[in-house]
2 protein chains.
Amino acid sequence: MARTTEGDLAPHELRILVAVADSGGFSSAAQALGLTQSAVSHSVRGSEGKIGVVLFERGRGGARPTPAGEKAVTHARRVLRLLDVLAAEARGAARAAGADGVGPEAAGPLRIAAFRSAALHLLPPVLQRLRARCPGIEPQVRIVREVGRGTAGEVADGRADIALATLDGSTPLPAGVVAHGLLEEEYALVHPAGRGDPRSLPLVDWVENCGSYTRAWWAAQDWIPKATVEAEDDGAVLSLVSSGHGMAIMPALSLMGAPHSVEITDLGPERPTRRIGYVTTPELAGSAVVRALVRELRAVGTRSTAVAR
Amino acid sequence: MARTTEGDLAPHELRILVAVADSGGFSSAAQALGLTQSAVSHSVRGSEGKIGVVLFERGRGGARPTPAGEKAVTHARRVLRLLDVLAAEARGAARAAGADGVGPEAAGPLRIAAFRSAALHLLPPVLQRLRARCPGIEPQVRIVREVGRGTAGEVADGRADIALATLDGSTPLPAGVVAHGLLEEEYALVHPAGRGDPRSLPLVDWVENCGSYTRAWWAAQDWIPKATVEAEDDGAVLSLVSSGHGMAIMPALSLMGAPHSVEITDLGPERPTRRIGYVTTPELAGSAVVRALVRELRAVGTRSTAVAR
DNA sequence: ACCGTTCCATGAGCAGTCCTCATACCGTGA
DNA sequence: TCACGGTATGAGGACTGCTCATGGAACGGT
């Protein structure tokens with residue numbers, strides 16, 4: 001008799017599944033984990049035996065997850081994270097036995113995914129407060145471009161615990177995550193200082209800038225820019241503008257710390273805005289570390305929503 | 001250097017932690033798991049070493065979890081359950097590759113906690129539909145008294161996947177669970193048939209009956225019962241009433257299938273109601289088995305909210 | 001105060017697990 | 001055909017996790 005169910009997958013087996021999915025092959029997964037290709041092959045075969053299902057299609061280019069494999073890898077990431085949380089919260093509970101709520105006892109690594117301007121201008125004060133209040137938390141910030149599934153995708157795939165993301169209604173959230181709004185960020189016009197009418201300059205745009213926020217505003221204007229040039233990211237846009245090569249409509253966070261060679265003008269009461277929020281997984285939303293960060297985000301984020309350097 | 005973090009806990013270690021917490025001692029846990037007391041002792045010590053925290057206070061009479069141990073055991077139950085779900089969903093995905101949504105491919109055990117009247121009168125048709133649609137799911141219903149943390153506590157502690165609970169605003173939900181409403185259940189007056197004015201009889205109450213639902217209604221009445229007697233549960237209440245020893249204000253579910261020796265009278269437009277909903281953990285909310293049950297709950301629950309035998 | 005009971009702790013030894021090394025296999029492109 | 005990416009597989013060694021046997025500590029009855 002071929003026993004179909006043999007037992008649960010051990011953490012190291014889960015890690016191997018995740019590594020194979022991430023790296024796209026047994027050999028590269030082995031390298032990433034500091035193991036042998038053979039060990040990975042044996043382990044995956046063993047996991048498949050335990051579940052009773054083929055998890056990866058092996059081929060010339062490596063290994064690709066089957067539908068069952070996709071499910072398994074997604075869950076594997078969550079289980080691994082939950083194991084981390086288990087240890088971290090148990091340690092925290094031991095430190096401050098009895099004290100309830102999110103206090104200094106929250107501890108452990110906290111993986112944050114953020115788009116560039118949030119990581120540069122929104123997170124620093126938040127993390128400073130967090131460090132002061134919960135010294136046991138070790139925040140790890142990873143900058144992710146807000147393209148494709150963006151920062152929220154990192155959370156959905158288990159690569160981050162919480163993401164700072166732009167929440168527009170048009171692009172739907174990945175499945176299995178929850179989002180909450182933090183602040184409404186205002187757009188402003190930025191152009192070279194002391195150069196007269198910025199309308200004569202080309203508009204500089206960048207890939208991550210989601211047009212849906214500003215489209216309505218443009219439609220209400222009685223002029224359109226003569227030309228549009230595309231830059232790598234919002235930092236490059238600002239650099240282009242400051243050197244006099246164009247003007248741009250940029251969100252407040254991207255304009256923090258802008259050089260004095262640019263002028264920032266308010267777009268008036270009808271200015272476009274975009275919604276910034278955080279995204280996390282439901283099972284992490286209740287964990288002490290995530291709750292601690294969210295509290296600081298709320299405390300800091302409610303101010304400084306307007307344009308200011 | 002004493003390395004504080006050594007690695008993740010393996011499933012068998014988690015199982016041992018849970019068994020120790022459940023059985024209240026190393027020896028009994030060993031017996032329950034078919035292991036030696038020595039193995040349990042070694043394993044727990046190893047887990048404590050990995051986390052870096054004492055998880056159980058040992059003493060005569062057995063072992064009791066420390067606060068850290070409580071957290072660890074709760075998470076352990078969830079991790080173990082998530083591992084089950086991983087395997088079950090991967091198998092399901094392999095069976096119906098590509099088909100999305102909750103279909104017949106959902107499979108595996110589903111642990112349901114319900115209060116008495118819900119288990120007796122609400123669940124049967126739901127489970128019948130569920131069985132027809134998802135034959136692979138094996139529902140396990142456990143009746144839990146709605147006292148203390150009630151059915152929701154079972155979910156919070158990882159002993160159930162989903163709970164049917166009464167959602168009143170007064171008693172807060174345990175941390176780390178999510179709840180959704182299903183139906184508004186109406187209270188009605190039940191009294192012995194053909195006995196004249198029920199107001200002359202004592203009011204029968206029972207422990208699980210949360211007074212907060214009916215308090216406002218009682219305050220609006222121009223009479224109060226002469227006496228109140230307490231019964232074990234709603235079944236006992238109904239039995240007392242049917243044998244002529246009193247009258248009661250009971251929710252609709254408890255009155256389904258009431259004998260003809262009792263008379264049920266509507267309390268009018270201002271009648272009290274209580275909210276019935278389900279409670280689950282965030283990480284299970286997206287799983288196929290839970291989603292399948294919730295869909296049937298919604299389908300069945302939206303009817304039959306009024307009193308009817 | 002003694003003993004018996006009932007817990008948990010600890011050390012030694014054995015069995016199974018998991019990793020590595022070496023090698024075989026398979027499909028592709030020059 | 002050969003070289004070159006990939007994975008599969010078999011044998012052996014280190015390690016882990018279990019059991020057995022024994023020790024220690026705390027209580028209760030006498």
Of all residues at least two apart in sequence or in a different chain, which pass the salt bridge (charged side-chain N to carboxylate O under 4.0 Å, His left out) check with [X]?
{"X": "A/E232", "value": "A/R145"}
{"X": "B/R58", "value": "B/E48"}
{"X": "A/R64", "value": "none"}
{"X": "A/D161", "value": "A/R81, A/R111"}

Taking 5' to 3' order, which nucleotide of DNA chain C is first and which is last to have an atom within less than 4.0 Å of a heavy atom in chain A?
C/dC18 to C/dT28
Give a yes or no on whether a salt bridge exists between A/R116 and A/E146, defined as a side-chain N under 4.0 angstrom from a carboxylate O.
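Answer for the salt bridge query: no.
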Earliest and latest nucleotide of DNA chain D, 5' to 3', sitting under 4.0 Å from a non-hydrogen atom of chain A?
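That gives a stretch of D/dG6 to D/dG10.
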If you assign B/G24 and A/A10 each to the DNA chain C nucleotide with the nearest heavy atom, which residue ends up on the more 5' nucleotide?
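Result: B/G24.
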Of B/A63 and A/E13, whose nearest nucleotide on DNA chain C comes first from the 5' end?
B/A63
Pairs where residues 14-25 of chain B contributes a residue and the test side chain to side chain donor-acceptor pair (under 3.5 Å) is met, not counting sequence neighbours
A/D8-B/R15, B/D22-B/R77, B/S23-B/S28
Return the set of residues passing ring-ring contact (aromatic ring centres under 6.0 Å, His included) with B/Y278 (not counting sequence neighbours), or none when no residue passes.
B/H180
Could you tell me which residues satisfy side-chain hydrogen bond (donor to acceptor under 3.5 Å, both in side chains) with A/R131, sequence neighbours excluded, listed by chain and number?
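Partners of A/R131 under the side-chain hydrogen bond (donor to acceptor under 3.5 Å, both in side chains) test: none.
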Pairs touching residues 23-37 of chain A that satisfy salt bridge (charged side-chain N to carboxylate O under 4.0 Å, His left out), sequence neighbours left out:
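Counting only pairs at least two positions apart or across chains, no salt bridge (charged side-chain N to carboxylate O under 4.0 Å, His left out) contact touches residues 23-37 of chain A.
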Under 4.0 Å from any atom of DNA chain D, heavy atoms only: list the residues of residues 37-47 of chain B that qualify, in numerical order.
B/S38, B/A39, B/H42
Can you list the residues that meet the side chain to side chain contact (heavy atoms under 4.5 Å, CB included) rule with A/A68, with sequence neighbours excluded?
A/V53, A/L55, A/T66, B/A90, B/A93, B/A94
